[in-house]
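Let me begin by presenting the structure, written as structure tokens, before commenting on it.
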Amino acid sequence: MKQRILSGIQPSGVLHIGNYLGALKQWVELQETYDALFCIVDLHAITVKQDPKELRAKIRELAKLYIACGIGPKKSTIFVQSHVPAHTELGWILNTITKISELERMTQFKDKAGKNRAHVNAGLLCYPTLMAADILLYQTDLVPVGEDQTQHLELTRTLAKRFNTQFGEVFRIPEGYFPKAGARIMALDDPTVKMSKSGAPANYLALLDDEKTIRKKVARAVTDSGSEIKAAHDKPAMTNLLTITHLLSGESIADIEHRYRGKGYRELKQDLADRVVDFLAPIQQRTRNISDNEIETLLQEGAKRAREIASQTLTDVQRVLGLG
Ligand code: AMP
Ligand code: TRP
């Protein structure tokens with residue numbers, strides 16, 4: 001039996017090169033050897049206010065992007081979280097064994113909630129228990145994500161162990177899978193913070209940005225003081241641009257540094273812009289070529305398979321709890 005992987009991305013904001021290099025790129029490789037499920041986590045997205053019409057469109061667009069980036073609809077199961085009600089049910093159940101202090105400690109919660117907690121919605125606080133449900137429902141072995149999800153994964157493992165200890169062995173304990181490089185791609189306009197979906201447009205290179213926009217954003221990317229093209233602690237901007245170049249080309253950072261010896265930032269940026277444009281063109285073309293009908297059918301089939309797996313775990317959970 002193949003081991004199983006599961007991961008997900010929120011259908012909010014714009015999918016960027018950080019999402020691709022930190023998550024999707026690994027998914028594409030892992031789907032060859034694992035039983036793979038990829039989720040569009042729409043219920044996570046509504047922890048922040050969304051426009052319903054836009055959300056609906058974003059869910060379909062993200063499904064198209066999964067495929068355009070190389071997720072094989074025949075190899076992997078692609079589905080929408082809200083199409084499988086077991087996620088919310090297990091999420092609720094996990095809330096009952098989670099301490100508020102464990103949730104309040106999460107960096108992502110602290111970042112998103114800010115200082116004034118009185119008006120923060122409870123969904124934002126309980127976000128990680130829903131994520132734990134996403135993972136545990138499928139008896140997942142491996143969860144390929146970017147570095148920012150480490151804490152959520154650790155909590156998922158804690159909750160799975162706690163549940164198993166209190167009620168009986170129901171859940172497999174999942175492991176995180178992080179890329180060696182690219183687990184944290186930084187913002188173009190500020191290399192000390194991560195590239196983010198909800199950041200200003202100058203922050204990210206979106207997978208659907210047109211050529212002109214990409215060239216402009218790369219040209220304007222913040223650089224370090226000095227002029228040497230080198231990855232180093234005190235050169236966060238260069239480190240980031242070299243990492244992106246490395247991940248898109250496969251060339252080692254040392255080789256890239258060597259090739260640019262005596263050359264300027266401008267040259268590196270121009271080459272990087274060319275590379276990003278060449279890399280994104282076929283992805284954008286494939287996204288346009290997938291019809292809305294194809295996506296609807298695919299998501300229905302995906303949800304059917306996901307529901308079958310999820311309902312088995314949920315039945316076990318209900319049984320040991322005395323429910324159902
Ligand atoms: P999100 O954009 O928060 O929905 O994240 C979707 C996936 O992309 C998760 O696995 C994240 O860890 C990953 N990810 C998001 N931003 C970055 C980034 N700047 N660098 C690397 N991975 C990222
Ligand atoms: N919390 C993840 C993020 O913000 C998205 C996510 C939700 C996820 N459920 C998941 C990732 C399950 C992996 C597995 O990026």
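Read the numbers this way: they start at 1 and go in the same order the structure lists the ligands and their atoms.
In terms of protein heavy atoms, atom 11 (C) of ligand 1 is closest to D148 OD1, 3.3 Å. Nearest protein neighbour of atom 9 (N) of ligand 2, counting heavy atoms only, is D134 OD2, 2.7 Å. In this structure, atom 5 (C) of ligand 2 lies nearest to the protein heavy atom G8 O, 3.6 Å. At the top of the distance list for atom 2 (C) of ligand 2, counting protein heavy atoms only, stands Q149 OE1, 3.3 Å.
In this structure, the side chain of E294 engages the main chain of S291 through a donor-acceptor pair within 3.5 Å. Judged purely by atom type and a 3.5 angstrom limit, T140 uses its side chain to pair as donor or acceptor with the backbone of I135. A donor-acceptor pair under 3.5 Å is formed between the side chain of H44 and the backbone N or O of M131. No side-chain donor-acceptor contact under 3.5 Å links Q108 to the backbone of P128. At distances below 3.5 Å, at least one donor-acceptor pair connects side-chain atoms of Y265 with backbone N or O atoms of G226.
Salt bridge status for D209 with K217: present, with a side-chain N to carboxylate O gap under 4.0 Å. Ionic pairing of K58 and D42 is not present here: no N-O contact between side-chain nitrogen and carboxylate oxygen is shorter than 4.0 angstrom. Salt-bridge formation is detected for the pair R60/E296: a Lys NZ or Arg NE/NH1/NH2 atom is positioned less than 4.0 Å from an Asp or Glu carboxylate oxygen. Between E104 and R117, none of the side-chain N atoms (NZ, or NE/NH1/NH2) sits under 4.0 Å from a carboxylate O, so this pair counts as no salt bridge. Residues D141 and K2 are not paired through a salt bridge, judged by the lack of any N-O separation under 4.0 Å between the basic side chain and the carboxylate.
Note: no N/O pair closer than 3.5 Å links E147 and ligand 1 by distance alone. Note: an N/O pair closer than 3.5 Å links G18 and ligand 1 by distance alone. Checking only distances, M186 never comes within under 3.5 Å of ligand 1, N or O to N or O. Considering backbone and side-chain N/O atoms, K197 comes within less than 3.5 Å of an N/O atom of ligand 1. Considering backbone and side-chain atoms alike, G146 places an N or O below 3.5 Å from some N or O of ligand 1. Taking only nitrogen or oxygen atoms, main chain and side chain alike, S7 does not reach within less than 3.5 Å of ligand 1. Checked against a 3.5 angstrom limit, the closest N/O atoms of I185 and ligand 1 fall inside it.
Taking a cut-off of under 4.0 Å to the non-hydrogen atoms of Y127, the atoms of ligand 2 that pass are 1 (N), 2 (C), 3 (C), 4 (O), 5 (C). Heavy-atom contacts of A23 reach the following atoms of ligand 1: 7 (C), 8 (O), 10 (O) (cutoff under 4.0 Å). Every atom of ligand 2 is numbered from 1 in the order shown, and the set under 4.0 Å from a heavy atom of V145 is 11 (C), 13 (C). Taking every heavy atom of Q149 and a limit of under 4.0 angstrom, the matching atoms of ligand 1 come to 12 (O). Which parts of ligand 2 touch V143 is read off a 4.0 Å heavy-atom cut-off, strictly below it: atoms 13 (C), 14 (C). The Q10 neighbourhood of ligand 2 comprises atoms 4 (O), with distances under 4.0 Å to a heavy atom of that residue. For ligand 1, the atoms sitting less than 4.0 Å from at least one non-hydrogen atom of Q10 are 4 (O), numbered in the order shown with element in parentheses. For ligand 1, the atoms sitting less than 4.0 Å from at least one non-hydrogen atom of G22 are 21 (C), 22 (N), numbered in the order shown with element in parentheses.
No part of Q81 comes within 4.0 Å of ligand 2, judged by heavy-atom distances. Contacts with ligand 1 closer than 4.0 Å are made by heavy atoms of both the backbone and the side chain of M195. When heavy-atom distances to ligand 2 are checked against a 4.0 Å cut-off, I135 comes that close only through its side chain, counted from C-beta outward. Counting heavy atoms closer than 4.0 Å to ligand 1, residue A183 contributes backbone atoms (N, CA, C, O) but none from C-beta onward.
To the nearest 0.5 Å, atoms CG (D234) and OG1 (T239) are separated by 8.0 Å.
For H44, the heavy-atom gap to ligand 1 stays at 4.0 angstrom or more.
Remark: R288 CZ is packed, more than 12 non-hydrogen atoms of other residues, nucleotides or ligands lying under 6.0 Å away.
Remark: of the listed residues L208, N19, V14, L208 is the sole one forming a side-chain contact (heavy atoms from CB on, under 4.5 Å) with L65.
Between H16 and Y204, the two ring planes are parallel [angle under 30°; tilted spans 30° to 60°]. Under the 30°/60° scheme for interplanar angles, the aromatic rings of W27 and F38 are found to lie parallel.
When the heavy-atom distances from atom 8 (O) of ligand 1 to N240, V145, N19 are ranked, the shortest goes to N19.
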